[in-house]
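Note that these values count all heavy atoms, side chains included, but never hydrogens, waters or copies made by symmetry. In listed order, ligands and their atoms are each counted from 1.
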Amino acid sequence: MESSIRDKYEVVIGLEVHAQMLTKSKAYSNDINEYGSQPNSNVSVITLGHPGTLPKMNKKTIEYAIKLGLACGCNIAEEQYFARKNYFYPDLPKGYQITQDKTPICTGGVIHIKLENGEEKEIGLTRIHMEEDAGKSIHDVDVFDTLVDLNRAGVPLLEVVSEPDIRSSQEAYTYLTEVRKLVRYLEICDGNMEEGSLRCDANISVRIKGNPEFGTKIEVKNMNSIRNVQRAIEFEIVRQITALENGETLYQETRSYDALKNTTMSMRSKEAANDYRYFPEPDLQPLIVDEVQINTIRKEMPALPRDLHIKYTSTLGLSEYDAGILTDQKGTALFYEEVIALTSNYKAAANWIIGDVKSYLNEFGVDIEDFPLPALRIAELIALIDEGKVSPSVASQKIFPVMMKHAEKTPLLIAEELNLIQDSNEDAILGFIHEVIRLNPTETERYRAGEKQLIGFFMGQLMKVSKGKADPKAANALMRQTLEH
Ligand code: ADP
Ligand code: MG
């Protein structure tokens, strides 16, 4: 699409995110909450809603909802009741979902996102409420029939509804990445979009810039990755603008994203939408959340990615880039926190984790939680370099690989065993320097004739001859002196 046409329009997006909670059992029964079990094996009469059965609230779901609410700065409702959302569908054996309609547990609050220009933007939250998942209809396993797996029915969900504050597909991408990071830090959802434990419906509209009214919103479903949410939104923006430019009228509808074709297709119009006939759930008592309970949860909150990011850039002086990598995954941030409790060389600690540690994890496909070295060893290695005992390159190339196999040995011991302790002893270094000058007469003459940039070459030769053991700082000065005489 021509940018002159596209630039006439403003994009407005609001996202509805469903996060499956990482509880052991389901929201209102003892059925196991587990992805990948034998189909229809975690299904009791409560999940099926048989007459005479009663739901019983899983307390963990309340704790998880409050955690997310506190992390986003929401108001937590003191008094709530549950509601039935009624509709007929083969994967909904009860004929209704238990949800929160009029009294969501959390209202207000924000998700902070970083824009491409580095600025921070707040995306408002309308609400976060608890509900139960429906079962799963599987259309692509059998050629003729749709299969139903009810293991998912009754799994607790948090639905996070944003205000229509998002203005581009890129912002939507960043918003979802932040939400996923947050639920993972809080350990309330595994954030796996491929397995459907985090799902997103995107509401998209466009309007001529300056128009105070929002355009007609279209809801798009069935994206199984954050990247696909972005793609689906991009497709919709172009489709909607093209339609409007052609003089067409848009109607509210729900569309489904097809990742293979990168298109959206109409599923149902607003007129055909279900009337859910919400009414209060008679089988569950109203839920009362008091200040004491909220404060207990507040005290147990882990450090959050944004707070750590701010600490790393402002207090520790790290770059945006470094802070971004260190806080991307909770495990990485926690490991970094452990290392900086043992060294004050924050930058070196960041470099080791972002560099050698991450390379090791990538190479061997290991999670940071299973990294074989304790933080102490990294701190000791940093100290060894800072004391001038080994050079950074020797530490990285010779000592670190041995440490990975011998976590029981200190880096100092390894350096001694391998005879890698650096020589800052002048006599020893001078010996190496004379050796280098003897081996490179032509370069020596050129240097003495004014080609000072050859110092790099000489230092390289010196490191070779000394097998990396000459302290570069001391050696550089001595090398220049000797060459210049
Ligand atoms: P519905 O009742 O159809 O579910 P809601 O008012 O609950 O609609 O909004 C659902 C989502 O759609 C929210 O995330 C909201 O921010 C977003 N939204 C509402 N109006 C628009 C619009 N005109 N354009 C884009 N998103 C919108
Ligand atoms: Mg809605």
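Each of the atoms 23 (N) of ligand 1 lies under 4.0 Å from some heavy atom of Gly215. When each atom of ligand 1 is checked for a heavy atom of Val12 under 4.0 Å away, the hits are 24 (N), 25 (C). Close approach of ligand 1 to Lys270 (heavy-atom distance below 4.0 Å) involves ligand atoms 3 (O). Within the listing of ligand 1, atoms 14 (O), 16 (O), 17 (C), 26 (N) sit less than 4.0 angstrom from a heavy atom of Gly14. In the vicinity of Glu163, heavy-atom distances shorter than 4.0 Å reach the ligand 1 atoms 16 (O). Of all atoms in ligand 1, listed by their number and element, those nearer than 4.0 Å to a heavy atom of Val161 are 13 (C), 14 (O). Close contacts between ligand 1 and Ser162 involve ligand atoms 13 (C), 14 (O), 15 (C), 16 (O) [criterion: under 4.0 Å to a heavy atom]. For ligand 1, the atoms lying closer than 4.0 Å to a non-hydrogen atom of Phe214 are 23 (N).
When only interatomic distances are considered, the shortest N/O to N/O separation between Gln252 and ligand 1 does not fall below 3.5 Å. Between Thr216 and ligand 1, a contact under 3.5 Å exists for no N or O pair.
Ring planes of Tyr278 and Tyr276: perpendicular class, angle over 60° (limits at 30 and 60°).
With sequence neighbours left out, Lys114 forms a salt bridge (Lys or Arg N to Asp or Glu O under 4.0 Å) with Glu320. Applying the salt bridge (Lys or Arg N to Asp or Glu O under 4.0 Å) criterion to Arg255, with sequence neighbours excluded, gives Glu236, Glu253.
Between Asp133 and Arg199 a salt bridge is recorded (basic side-chain N to carboxylate O distance below 4.0 Å). Using a 4.0 Å cut-off between a side-chain N of Lys or Arg and a carboxylate O of Asp or Glu, Asp91 and Lys136 do not qualify as a salt bridge. Checked for salt-bridge contact, Glu10 and Arg167 meet the test: a charged N lies under 4.0 Å from a carboxylate O.
Taking the six-membered ring for Trp and the full ring otherwise, Tyr360 and Phe400 have centroids separated by 6.0 Å or more.
Nearest-residue assignment for atom 9 (O) of ligand 1 (options Lys217, Glu16, Arg127; heavy-atom criterion): Lys217.
For the side-chain contact (heavy atoms from CB on, under 4.5 Å) with Leu15, the lone residue among Ile166, Ile204, Ile123, Val179 that qualifies is Ile166.
Within the 4.0 Å heavy-atom criterion, neither part of Glu219 lies near ligand 1. Under 4.0 Å from ligand 1, not a single heavy atom of Thr126 appears.
Within a 6.0 Å sphere centred on CD of Glu194, heavy atoms belonging to other residues, nucleotides or ligands number more than 12.
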